[in-house]
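One structure is given below, encoded as structure tokens.
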Amino acid sequence: MTKLVIVESPSKAKTITKYLGKGYKVMASVGHIRDLPRKLGVDIENGFQEEYEISPAKEKVVKELKAAAKTATELVLATDPDREGEAISWHLLEAIKPPKTLPVSRVLFNEITPAGIAKAMAAPTIINKKLVDAQRARRVLDRLVGYKVSQVLWDKVRRGLSAGRVQSVAARIIVDREREILAFNPVEYWVLKGRFAAKLPPSFWMKLVKLGGQPLQLGNKETKRRVADAVQAKDLKAQLEKAAYTVTGLETKEKKRNPAAPFTTAKLQQESAQKLKMSVSRTMQNAQRLYEGVDFGEGPVGLITYMRTDSPRLAPEAVEATRTFIGEKYGQEYLPAKARIFTGKAGAQDAHEAIRPTDITRTPESLRGHLEPDQFRLYALIWRRTMACQMEAARFDETVVQTEAPVGKDTALFEAKGEIERFPGWLAVYRADKTEEDAEGIADATKGDEEDEDEALLPALKLGEALKLEQLDADQQFTKPPARFNEATLVKELEEDGIGRPSTYASIISTIQDRDYVKKHEGRFKPTELGMVVTDLLIQGFPRLLDTKYTSGMEGNLDLIEVGKLTFKKAMTDFYGPFEQALAAAGQDMQNLKAGVPTGEKCPKCGDRKKHPGTLLKRIGRNGLFVGCTNYSAELEKDKCDYTADLEKMEEPEDAPECPLCGTTPMNLRKGQWGPFWACPNYPKCKGIVKADPKGIPVPPDEPTGETCPNCGKGFVKRHGRYGEFVCCIDYPTCKTVKKEILAVPCPKCGGGLSPRKTRFGKVFYGCTNYPKCDFTAWDKPVPVTCPACKNPSMGEKTRKPRGKDPIQVLLCPKCGHEEPMG
């Protein structure tokens, strides 16, 4: 007889099994086991009662859990310690229906370590029904909005489109930013910079910051004075070049830079996106693995605390351990007199402490070679942030030097700033090892937002000292439109607006891209024409639902349910009344894109004729949005007009291909159902097409290799696919034979072959050819070189990028971490 412990993840189950030992059986639910069905699944008339069903993929899991519960002496529900985890525990209890005599408890594993598990098992609790109701309310709200608003879009726009309570608001944020960019009118201004020499070297640059005592415009921030055009700049430059200069202002003061708070989920997502160039989804996946347990030679162990939190608070024992380690590693001068205490913003749930290492003495260097590259970089970021938050402030001597010159009736003021580091403080932890893969990214984090970009290396100066103007430059500048959101800035915007929860940001970002409402352009989010049209229609039909403050208020209601100040039924009733009215109004008043939305523009083909001139309608077809003439369906044949044009133009590469059938050039880049392609401009008379890759670059035709397919006897060809070049049978995909490059190193797990592959993001990795039977993968290319340290028969090729130096190729042993330069 054993105690049954149920967690969500199989890898977490494996780690916990090791720590609990005999007398326990740990099983995984593999995430959610029940959800709402494909239909609405909410009985609105009966108090918004949900209709849950077990997904077919989880029927076997539920059957096994039921069988295990019948023979168990106690049922311990140990799903993730948050709202969703609490709801999964409730669903498990409802689905398994354990015997009434079986004791049931709920435990919360905030960290997967021996101490963390022992502490949780010693303090069992029961399922928190308030947390469950808050998660139920979120799920029902999302279903009501998604199901019913999507039906309106199906009627008005196109079948298959969907809307979401939170995702649609996120799309609106991106659309609103794009409209700001399109409406932006740049303002010209000129920046004057002078290079001055003093008695002692080096020469240094100073910027003209004031004219007549008034600040000059030096960026987007508007000021009363600006050098507006080339004429003003030329005249001002001529006068300044004739002036004599002395040091009129010289001030040195101490400047402190304090460390940032430990990571919350949102801050980790932002920092990882900015410094490690990791997407939000990749960040959360790697953080999940670090939390659940990684085997680095001592068996699986959780390396970080629970990664879904909105609190920067650290447990007292963690603060004490961190301060002790800092004192031992860096010295007492790096410790503040008192521990730094961080508190969350108003409205934070504060259910868990900040994301931190479970053992601060486990340094990133000690884990080198034991973690996957992304896991290593993310752990290093978390470890350094935790260390830094308990260290002394960095101290600098900041020097501000000024010089003045008369310009007509005005006085021109030049200024330069420079600083000298006096004490590194918390910066020391970021500079511990610049050879690490994450050093370049983390080093960038050492400067605060207030850092002046134009800091100069200043010589020793004295007040009244003469300065010689060696060079004066006048540069034309323009104010810049607001930048499009990247993943980091979008997460920051969502967090500040109170839209969704940090744990949902990854799914929000992926959903709006999957629905083709938003796409990434040069790493930033740009709304598609479809996204802009659908957003406009939703704002027209559901202005309240698309309002960020209203959506944030709904999140606040979920928090009230969690603390017991609002009931599930009351929250649903308050929401549904106005929502039902909005649905009815939208069905009547929302513009119908299927019938066509007038653009107010005349048809280029027939818009100038006297009788029955055509105008353009915005419509949607199988391949996306387009504009078409209103005379397309005219009653008389002579009045008909077949003019159409794609509404969303693709950004065409410089070299357009020649039509392979009629030789016409250039061809037109079009967007089809399966991606971009080049079409002959003489279509439909000529139906010549050329394949293109996702960026619109023409794909070369298949190139025979001279080899024979072993399966069908036909030839092999070199072909370009969506993930790059590959060699396959000429009849592919009818004949699915693909030639793989097999490395000289056998799979260390099963002895099979290893071949290069690509992720969906285009990153190369090396995997076993026996997949899925064998799941071995490696980021570094395995080569048949024996490790001199541990005699492992293979090592991996790796590129190191030392800060400020050229990249170097090294060999890295995956077993012991030994590294040496490639010969």
Side-chain angles (χ1 to χ4, degrees), residues 186-257 394-422 427 443-444 446-480 804:
V187 175
E188 180 182 4
Y189 66 95
W190 287 70
V191 176
L192 279 78
K193 285 184 176 181
R195 189 178 68 193
F196 293 86
K199 290 181 180 179
L200 298 175
S203 299
F204 58 97
W205 288 91
M206 301 180 76
K207 184 184 292 185
L208 181 64
V209 295
K210 286 185 179 181
L211 199 58
Q214 294 180 324
L216 285 174
Q217 183 164 346
L218 299 175
N220 272 30
K221 186 177 180 181
E222 189 176 346
T223 58
K224 292 182 178 180
R225 294 288 297 265
R226 67 184 169 96
V227 183
D229 52 43
V231 174
Q232 290 184 28
K234 184 177 180 180
D235 179 59
L236 186 58
K237 182 181 177 184
Q239 296 182 64
L240 290 171
E241 287 175 333
K242 298 175 184 177
Y245 297 91
T246 59
V247 177
T248 57
L250 186 63
E251 181 183 9
T252 299
K253 58 183 178 181
E254 185 180 77
K255 181 181 178 182
K256 288 186 178 182
R257 189 177 300 139
R395 296 194 297 272
F396 301 84
D397 280 348
E398 183 184 66
T399 300
V400 180
V401 57
Q402 295 177 335
T403 184
E404 296 180 348
V407 179
K409 297 180 180 179
D410 293 327
T411 300
L413 175 67
F414 285 87
E415 185 178 85
K417 292 181 180 180
E419 67 177 27
I420 299 174
E421 183 181 301
R422 293 302 182 192
L427 296 183
D444 293 339
T446 63
K447 290 192 175 185
D449 293 337
E450 77 282 359
E451 190 77 23
D452 191 334
E453 295 179 357
D454 296 312
E455 286 175 356
L457 181 62
L458 301 175
L461 296 168
K462 295 180 180 179
L463 202 62
E465 181 178 343
L467 298 175
K468 180 183 178 182
L469 179 63
E470 296 182 333
Q471 182 179 338
L472 185 61
D473 294 341
D475 298 323
Q476 183 187 38
Q477 304 280 343
F478 291 91
T479 54
K480 298 177 181 178

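Values below: every heavy atom of this structure, side chains too, minus hydrogens, waters and symmetry copies. What you see is a predicted model; the values in this text were computed from it and never measured.
Taking NZ of Lys237 as the start and CG of Leu192 as the end, the distance is 8.0 Å to the nearest 0.5 Å. Atoms CH2 and CD, from Trp190 and Gln476 in turn, are 4.5 Å apart once rounded to the nearest 0.5 Å. Of the inter-residue distances, the one linking Glu188 atom CD with Gln477 atom CD reads 10.5 Å to the nearest 0.5 angstrom. Rounded to the nearest 0.5 angstrom, Leu467 CG and Glu470 CD are separated by 10.5 Å. Here the CD atom belonging to Gln214 is positioned 6.0 Å from the NZ atom belonging to Lys224, to the nearest 0.5 angstrom. Note: Leu200 CG to Leu458 CG = 12.5 Å, rounded to the nearest 0.5 Å.
By the side chain to side chain contact (heavy atoms under 4.5 Å, CB included) test, Val187 is found to be paired with Arg226, Thr479, residues two or more places apart in sequence or in another chain being considered. Applying the ring pair (Phe, Tyr, Trp, His ring centres under 6.0 Å) rule to Phe196 yields the partners Tyr245, Phe414; only residues at least two apart in sequence or on another chain are considered. When the salt bridge (charged side-chain N to carboxylate O under 4.0 Å, His left out) test is applied to Glu251, no partner is found at least two apart in sequence or on another chain. Looking at residues two or more places apart in sequence or on another chain, you find a salt bridge (charged side-chain N to carboxylate O under 4.0 Å, His left out) between Glu421 and Arg431. Taking the salt bridge (charged side-chain N to carboxylate O under 4.0 Å, His left out) definition, one finds that Asp473 meets it with nothing, sequence neighbours left out. Pro201 pairs by the side chain to side chain contact (heavy atoms under 4.5 Å, CB included) definition with nothing, not counting sequence neighbours.
Within a 6.0 Å sphere centred on NZ of Lys210, other residues, nucleotides and ligands contribute 12 heavy atoms or fewer. No more than 12 heavy-atom neighbours from other residues, nucleotides or ligands sit within 6.0 angstrom of CD on Glu222.
Gln232 contributes a side-chain N or O that, together with a main-chain N or O of Ala228, makes up a donor-acceptor pair within less than 3.5 Å.
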>> What verdict does the side-chain contact (heavy atoms from CB on, under 4.5 Å) test give for Leu427 and Phe396, after you've listed the backbone C-alpha separation in whole Å, the side-chain angles of each residue and the deciding distance to 0.1 Å?
In response: CA-CA 12 Å; Leu427 296 183; Phe396 301 84; 3.7 Å; yes
> Please walk me through it: do Arg257 and Glu419 pass salt bridge (Lys or Arg N to Asp or Glu O under 4.0 Å)?
Replying inline: CA-CA 12 Å; Arg257 189 177 300 139; Glu419 67 177 27; 3.4 Å; yes
>> Under the criterion side-chain contact (heavy atoms from CB on, under 4.5 Å), I'd like the reasoning laid out for Val247 against Val401: C-alpha separation, chi angles, the key distance, then a yes or no.
In response: CA-CA 7 Å; Val247 177; Val401 57; 3.9 Å; yes
>> I'd like to know whether Lys199 forms a side-chain contact (heavy atoms from CB on, under 4.5 Å) with Glu465, so could you lay out the CA-CA distance, the side-chain angles of the two residues, the decisive distance to 0.1 Å, and finally the verdict.
In response: CA-CA 8 Å; Lys199 290 181 180 179; Glu465 181 178 343; 3.4 Å; yes
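Test Leu240, Val191, Leu413 against Leu208 for side chain to side chain contact (heavy atoms under 4.5 Å, CB included) and you get one pass: Leu240.
Proximity of Lys207 to Leu218: side-chain heavy atoms (C-beta onward) are separated by under 4.5 Å at one or more points. Lys480 is listed as a side-chain neighbour of Asn220, based on a closest heavy-atom distance under 4.5 Å. The closest side-chain heavy-atom distance from Asp410 to Arg225 is below 4.5 Å. Side-chain contact check for Leu236 versus Val407: some heavy-atom pair is nearer than 4.5 Å. In this structure, the side chains of Leu457 and Trp205 stay at 4.5 Å or more apart for every pair of heavy atoms.
Residues Ala198 and Leu461 come closest through the heavy atom pair CB-CD2, 3.4 Å. Listed here is the closest heavy atom pair of Leu472 and Glu241: CD2-CG, 3.8 Å. Looking at every heavy atom in both residues, Phe204 comes nearest to Pro459 through CD2-CD, 3.5 Å.
Using modelled atom types and a 3.5 Å distance limit, the side chains of Thr248 and Thr403 yield no donor-acceptor pair.
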